[in-house]
Amino acid sequence: MRRIKLVVAYDGTNYQGWQIQNNGETIESTLNRALLELTGEEIHVHGASRTDSGVHAMGNLAVFDTEARMAADKFSYALNQRLPEDIRIQHSCEVPPDYHPRYQKTVKTYEYRILNREFPLPAYRLNTYFVYYPLDEERMRQAAAYLVGEHDFRSFCAAGAQVKTTVRTIYELSVERQGELLTIRVRGGGFLYNMVRIIAGTLIRVGSGDWEPERVKTILEARDRKLAGPTAPAKGLTLMSIVDEAEQENLSADRPLIMR
């Protein structure tokens with residue numbers, strides 16, 4: 001038995017998230033079917049990040065076990081011939097039998113995209129959140145600075161989440177504007193349920209002028225979800241990459257976001 005690792009990119013618009021659900025198609029179930037067709041084996045993939053319905057990915061990780069003798073790097077090509085156009089394998093390789101992406105020490109990078117203009121643009125409708133009122137990115141940057149580092153992010157965790165601790169570490173949280181497109185980029189060791197989308201919703205409130213940047217510090221220290229901003233829509237969020245911590249120090253800012 002061999003264990004194969006996949007780097008998976010997908011447009012999450014038509015899926016009920018990563019994990020298998022009873023109410024619709026998911027990324028996981030689609031990959032399982034493609035692997036059954038390819039190998040003839042009942043295979044169940046295990047993903048590193050269980051992205052929500054409508055969330056996209058450029059570099060989610062998954063592993064599966066197989067007895068197929070196909071070269072590990074060829075699985076990407078063979079699977080892409082069997083997958084729908086909105087799911088594509090970016091890389092495949094063999095890993096040790098005990099390797100599991102969910103239990104590795106990794107660095108995850110997410111981006112939340114906002115189209116900030118008077119009217120929507122159809123080309124952005126599936127992967128970008130439209131905001132018609134002006135947003136001040138400098139105010140958003142000032143607010144974001146309060147969230148960098150190790151903190152208790154209970155205020156930025158969806159109600160009802162079952163976790164041992166709400167302490168997490170954010171290594172980088174930036175807000176960049178290119179014309180009418182704002183990108184919130186978050187890099188950290190792990191995230192709570194809806195954490196990035198709640199951060200985005202909170203920064204949008206600051207950028208709109210409704211809240212002062214300093215209010216984010218108060219929200220963080222209060223450890224109360226009711227005080228933070230709304231959960232921003234899923235379609236604006238993309239999981240850009242998941243990289244082993246050991247590899248992270250070898251990466252530079254201008255390297256591709258999908259890492260092998």
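The basis for the numbers below is simple: all heavy atoms, side chains too, and nothing from hydrogens, waters or symmetry mates.
The two residues I198 and A158 have their closest heavy-atom pair at CD1-N, 3.8 Å. Between V8 and A57, the shortest heavy-atom contact is O-CB, 4.1 Å. The nearest pair of heavy atoms linking A144 to L203 is N-CD2, 3.9 Å. Looking at every heavy atom in both residues, Y171 comes nearest to G189 through CE1-N, 3.5 Å. Shortest non-hydrogen contact noted between A232 and A200 is CB-CB, 4.0 Å. Between M140 and L135, the shortest heavy-atom contact is SD-CB, 4.3 Å.
Within the model, atoms NE2 of H91 and CG of L6 stand 9.5 Å from one another, a figure rounded to the nearest 0.5 Å. From N23, atom CG reaches atom CD of Q16 across 4.5 Å, with rounding to the nearest 0.5 Å. The distance from atom CG of L115 to atom CD of E180, rounded to the nearest 0.5 Å, is 6.5 Å. Between the CZ atom in R185 and the OG1 atom in T238 there is a gap of 12.0 Å [rounded to 0.5 Å]. Between L182 atom CG and D136 atom CG the span is 9.5 Å, to the nearest 0.5 Å. Considering CZ of R223 and SG of C157, their distance stands at 13.5 Å, rounded to 0.5 Å.
By the criterion of side-chain heavy atoms lying less than 4.5 angstrom apart, applied directly or through intervening Ile, Leu, Val, Met, Phe, Trp or Tyr residues, L36 is not grouped with L83; the two fall into different hydrophobic clusters. Linking Ile, Leu, Val, Met, Phe, Trp and Tyr residues whenever their side-chain heavy atoms come within less than 4.5 Å places Y133 and I114 in a single cluster. In the hydrophobic clustering of this structure, W18 does not group with L239; members are Ile, Leu, Val, Met, Phe, Trp, Tyr whose side-chain heavy atoms approach within less than 4.5 Å, directly or through other members. No path of Ile, Leu, Val, Met, Phe, Trp and Tyr side chains, each step under 4.5 Å between heavy atoms, connects L61 with L31, placing them in separate hydrophobic clusters. Under the 4.5 Å side-chain heavy-atom criterion for ILVMFWY residues, no single connected hydrophobic cluster contains both L79 and M58.
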Practice task
For the pair T166 and D152, evaluate side-chain hydrogen bond (donor to acceptor under 3.5 Å, both in side chains) and give the outcome as yes or no after the intermediate values.
Solution key: CA-CA 5 Å; T166 49; D152 187 335; 2.5 Å; yes

Exercise for the section: Go through K5 and E94 one step at a time and tell me if the salt bridge (charged side-chain N to carboxylate O under 4.0 Å, His left out) criterion holds. Expected result: CA-CA 6 Å; K5 181 174 78 170; E94 188 165 351; over 6 Å; no

Exercise for the section: Would you please test E28 and R33 for salt bridge (charged side-chain N to carboxylate O under 4.0 Å, His left out) and show each step? Expected result: CA-CA 9 Å; E28 186 178 21; R33 273 200 314 275; over 6 Å; no

Practice task
Start with the C-alpha gap between R197 and D52, add the side-chain angles, then the distance that decides, and say whether side-chain contact (heavy atoms from CB on, under 4.5 Å) holds.
Solution key: CA-CA 11 Å; R197 290 166 59 191; D52 292 335; 3.6 Å; yes

Exercise for the section: Evaluate side-chain contact (heavy atoms from CB on, under 4.5 Å) for K108 paired with F191, printing each intermediate quantity in order. Expected result: CA-CA 8 Å; K108 295 181 180 180; F191 297 91; 3.9 Å; yes

Problem - V55/K235 under side-chain contact (heavy atoms from CB on, under 4.5 Å): CA gap, chis, key distance, verdict - result: CA-CA 5 Å; V55 173; K235 68 179 182 178; over 6 Å; no

Exercise for the section: Before giving the answer on side-chain contact (heavy atoms from CB on, under 4.5 Å), spell out for T26 and Q19 the whole-Å C-alpha distance, their side-chain angles and the decisive distance to 0.1 Å. Expected result: CA-CA 6 Å; T26 67; Q19 193 173 10; over 6 Å; no

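Side-chain N or O atoms of R3 include one that pairs as donor or acceptor with a backbone N or O of Y99 at under 3.5 Å. Listed for the N80 side chain is a donor-acceptor partner under 3.5 Å among the backbone atoms of I89. With hydrogens and angles disregarded, no donor-acceptor distance shorter than 3.5 Å links the side chain of R168 to the backbone of G188. Checking side-chain atoms of T183 against main-chain N and O of E176 turns up no donor-acceptor pair under 3.5 Å.
Aromatic rings of Y124 and F130 (six-membered ring for Trp) have centroids beyond the 6.0 Å cut-off, not under it. Checked against the 6.0 Å centroid threshold, F75 and F64 count as a close aromatic pair.
The side-chain heavy atoms of L237 and Y110, taken from C-beta on, include a pair separated by under 4.5 Å. The shortest distance between side-chain heavy atoms of P101 and I242 does not fall below 4.5 Å. Side-chain contact between F156 and N194 is absent, with no heavy atoms from C-beta onward closer than 4.5 Å. Counting heavy atoms from C-beta on, the side chains of I199 and I170 come closer than 4.5 Å. Residues V163 and Y193 form no side-chain contact, since every pair of their non-hydrogen atoms from C-beta on lies 4.5 Å or further apart. I20 has its side chain within reach of S29: a pair of non-hydrogen atoms, C-beta onward, lies under 4.5 Å apart. The closest side-chain heavy-atom distance from T169 to H151 is not below 4.5 Å. R187 is listed as a side-chain neighbour of V107, based on a closest heavy-atom distance under 4.5 Å.
For the pair R139 and E212, the salt-bridge criterion is met [side-chain N within less than 4.0 Å of a carboxylate O].
Geometrically, R205 engages W211 in a cation-pi contact, judged by NZ or CZ lying under 6.0 Å from the ring centre and within 45° of the ring axis.
Only one option out of N116, T128, L121 pairs with L181 in a side chain to side chain contact (heavy atoms under 4.5 Å, CB included); it is T128.
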Taking distance alone, no hydrogens or angles, what donor-acceptor pairs closer than 3.5 Å link side-chain atoms of residues 213-222 to residues at least two apart or in another chain?
residue, atom, partner, partner atom, Å
K217, NZ, E221, OE2, 2.6

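Note: H100 and Y103 have tilted aromatic rings, judged against thresholds of 30 and 60 degrees for the angle between ring planes.
No side-chain donor from either of H56 and N127 sits under 3.5 Å from a side-chain acceptor of the other. A side-chain N or O of R225 and one of T231 form a donor-acceptor pair less than 3.5 Å apart. T66 and E41 share a side-chain donor-acceptor pair at under 3.5 Å. Residues N60 and S49 have side chains that never bring a donor and an acceptor to within less than 3.5 angstrom of each other.
Within a 6.0 Å sphere centred on OH of Y77, other residues, nucleotides and ligands contribute 12 heavy atoms or fewer.
The side chain to side chain contact (heavy atoms under 4.5 Å, CB included) search around P84 returns Y15, T30, D86, I87, not counting sequence neighbours. The ring-ring contact (aromatic ring centres under 6.0 Å, His included) search around Y112 returns none, not counting sequence neighbours.
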